[in-house]
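Order of the sequence lines fixes the chain letters, A, B, ..., with proteins taken first and strands second; residue numbering starts at 1 for each chain. Worth saying up front: this structure is predicted, and the values here are computed from it rather than measured. Excluded from the calculations below are hydrogen atoms, water molecules and symmetry mates; all remaining heavy atoms, backbone and side chain alike, are included.
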Number of protein chains: 2
Amino acid sequence: MDILTIDKQGEKLELDRISAAPPKKTDKDAAKQELDAIGEELFDLQDLMWGAKQHSVLIVLQGRDTAGKDGTIKHVAGYLNPRGVSVASFGVPSEEEREHDFLWRIHRHAPRKGELAIFNRSHYEDVLVVRVHNLVPESLWKERYGHIRDFEEMLSEHGTLILKFFLHISREEQEQRLRDREKEPRKAWKINSGDWEDREHWDDYTRAYEEAISRTSTKKAPWTLVPADSKWYRNLVVARTLVEALRPYRKGWQERLDAVGVRKKAELEAWRKGK
Amino acid sequence: MDILTIDKQGEKLELDRISAAPPKKTDKDAAKQELDAIGEELFDLQDLMWGAKQHSVLIVLQGRDTAGKDGTIKHVAGYLNPRGVSVASFGVPSEEEREHDFLWRIHRHAPRKGELAIFNRSHYEDVLVVRVHNLVPESLWKERYGHIRDFEEMLSEHGTLILKFFLHISREEQEQRLRDREKEPRKAWKINSGDWEDREHWDDYTRAYEEAISRTSTKKAPWTLVPADSKWYRNLVVARTLVEALRPYRKGWQERLDAVGVRKKAELEAWRKGK
């Protein structure tokens, strides 16, 4: 399984040439088993990170309507301890939010040490929907790629491990999912004529995503392109990318916790003697 | 299974007379099966609440050290969709927090419509640890019961379903758990001599809990006393209390979503015709 992660600014990207389907040889049942195993490892790593208080994790989920942002949160974050997880969804900005710079509402949801934050949409909307629908002048959104890189670099310097995922679905799969929503009475409340309208800007969004990903992929805040036409494969790619990003820190976190344990034990002994 | 929930102010309460062990006839395996079934129902109810955006849920977890607040979050909230769950832990207040009234830091974590917030400790610490250790004058903390009732009543009027849980463990079980922490190297970093010191104030805490629970139990914000010496029974009591509190709203939430669905479908039709 090759995961397509871009960690260098300026790479040329053509989303139309990248398949949204899982690789042919991938097996669904094996994938689910692997996901469960990864889930257990993630839970364990998260516990160490929580205790060590040296790093935090920021997961950015972006994708077109129905790409599966909610489903990814449910299935991948479902493996984690809710105590150390926060999910922030960024919809249409409120009046107060619009009266601040575009990173203001984002920054307050940055994860604190030990925690994992998941952004369901994010500051990237300000170079995506905002660009496609001309909500601000081009001169303004063009500046934002640099601001985003600077912002993410600062978070990274503070110990935040940043993972950005583009959930990549095909035009056909999206149509299917929108139609399914209409058919199923219990999902009808999720219908939005805006989703259909946005389909007419499909290619504009493609260009906007390509440029955003290309201009903001860095070593410290890489983008992973997730084939998302199959939900099980999408979940596996996200979970695996996450676990591989955390694994190298296990030893350091464990050592930190051991050191804290030694100190706490000594304090307890001293307290007992002092009584 | 009888769950001891207090929903009337002023009831006399003697915690020492209430068992922290599960009732004799309770079966552990059956309890785990029931918990799984409740978990599925909770997930479903949470989804309806999220969509309907009419109510929110606030779960307050209180209990002595090692009573299992973290474990309850892990096991009960683990059944929910992380998207609509937030966990706030209230430790020693920061300098900024101390410079505000005691409800200031709490209020900002109140759940928004559709969401479920879990408080790991809460505003109740301001009539518990604060009282036992004389951190503010008695005349000040005595006033807080009324402020808490008013605050919770306001949240309730805004559609917040409030459930408060006292995780009740015995003195012996706590000692066992503290000793286990010392023995297990991987848990040693959780050791705190303060936990042992606080045991010396056991009875003071008992009185403080009794008065807090008695003075702030109301119809809209009841306290449930959870026998917490056994983790599996504790989880079951919390989960069951929660699901029983949400169940009566299912029909209303579903009707709301159906109505939204009808409207959204009509909008989509109108948009299609207009093209």
Item to check | Segment of A:Glu184 engaging chain B (4.5 angstrom heavy-atom cut-off) | outcome: neither

Next on the checklist: I'd like to know which of A:Leu257, A:Val87, A:Leu80 tops the heavy-atom pair count under 4.5 Å against chain B.
Outcome noted: A:Leu257

Next on the checklist: For the backbone of A:Ile191 and the side chain of B:Lys264, can you confirm whether one donor and one acceptor N or O come within less than 3.5 Å of each other?
Outcome noted: yes

Item to check | A:Lys53, NZ atom: more than 12 neighbouring heavy atoms under 6.0 Å | outcome: yes

Next on the checklist: If I measure from the heavy atoms of chain A, does B:Tyr79 come under 4.5 Å with its side chain, its backbone, both, or neither?
Outcome noted: neither

Checklist entry - Are more than 12 heavy atoms from other residues, nucleotides or ligands located less than 6.0 Å from atom CZ of A:Arg247? => result yes

Item to check | Within 6.0 Å of CD in B:Gln33, more than 12 heavy atoms from elsewhere | outcome: no

Next on the checklist: If we ignore hydrogens and angles and just use 3.5 Å, is the side chain of B:Lys265 paired with the main-chain N or O of A:Ala188 as donor and acceptor?
Outcome noted: no

Checklist entry - What is the minimum heavy-atom distance between B:Gly78 and A:Pro82, and which atoms define it? => result N-CG, 3.9 Å

Checklist entry - More than 12 foreign heavy atoms under 6.0 Å from CD of A:Glu40: is that the case here? => result no

Checklist entry - Given a strict heavy-atom distance threshold of 4.5 Å, which part of A:Leu48 is in contact with chain B: side chain, backbone, both, or neither? => result side chain

Checklist outcome for this item: Tightest non-hydrogen contact, residues A:Arg83 and B:Ile73, listed as N-CG2, 4.0 Å

Checklist entry - So, do A:Lys275 and B:Glu200 sit near enough that their side-chain heavy atoms are less than 4.5 Å apart? => result yes

Item to check | Toward chain A, the part of B:Trp271 with a non-hydrogen atom under 4.5 Å | outcome: side chain

Next on the checklist: Counting neighbours of CD on B:Glu269 that are heavy atoms of other residues, nucleotides or ligands and sit closer than 6.0 Å, is the number greater than 12?
Outcome noted: yes

Checklist entry - Does the side chain of A:Lys74 reach to within under 4.5 Å of the side chain of B:Phe43, using non-hydrogen atoms? => result yes

Checklist entry - Is a salt bridge present between B:Arg272 and A:Glu197, judged by a nitrogen-to-oxygen distance below 4.0 Å? => result no

Checklist entry - For atom NZ of A:Lys231, is the number of surrounding heavy atoms from other residues, nucleotides or ligands below 6.0 Å larger than 12? => result no

Item to check | Spatial distance of atom NE2 (A:His75) from atom CG (B:Asn81) [nearest 0.5 Å] | outcome: 9.0 Å

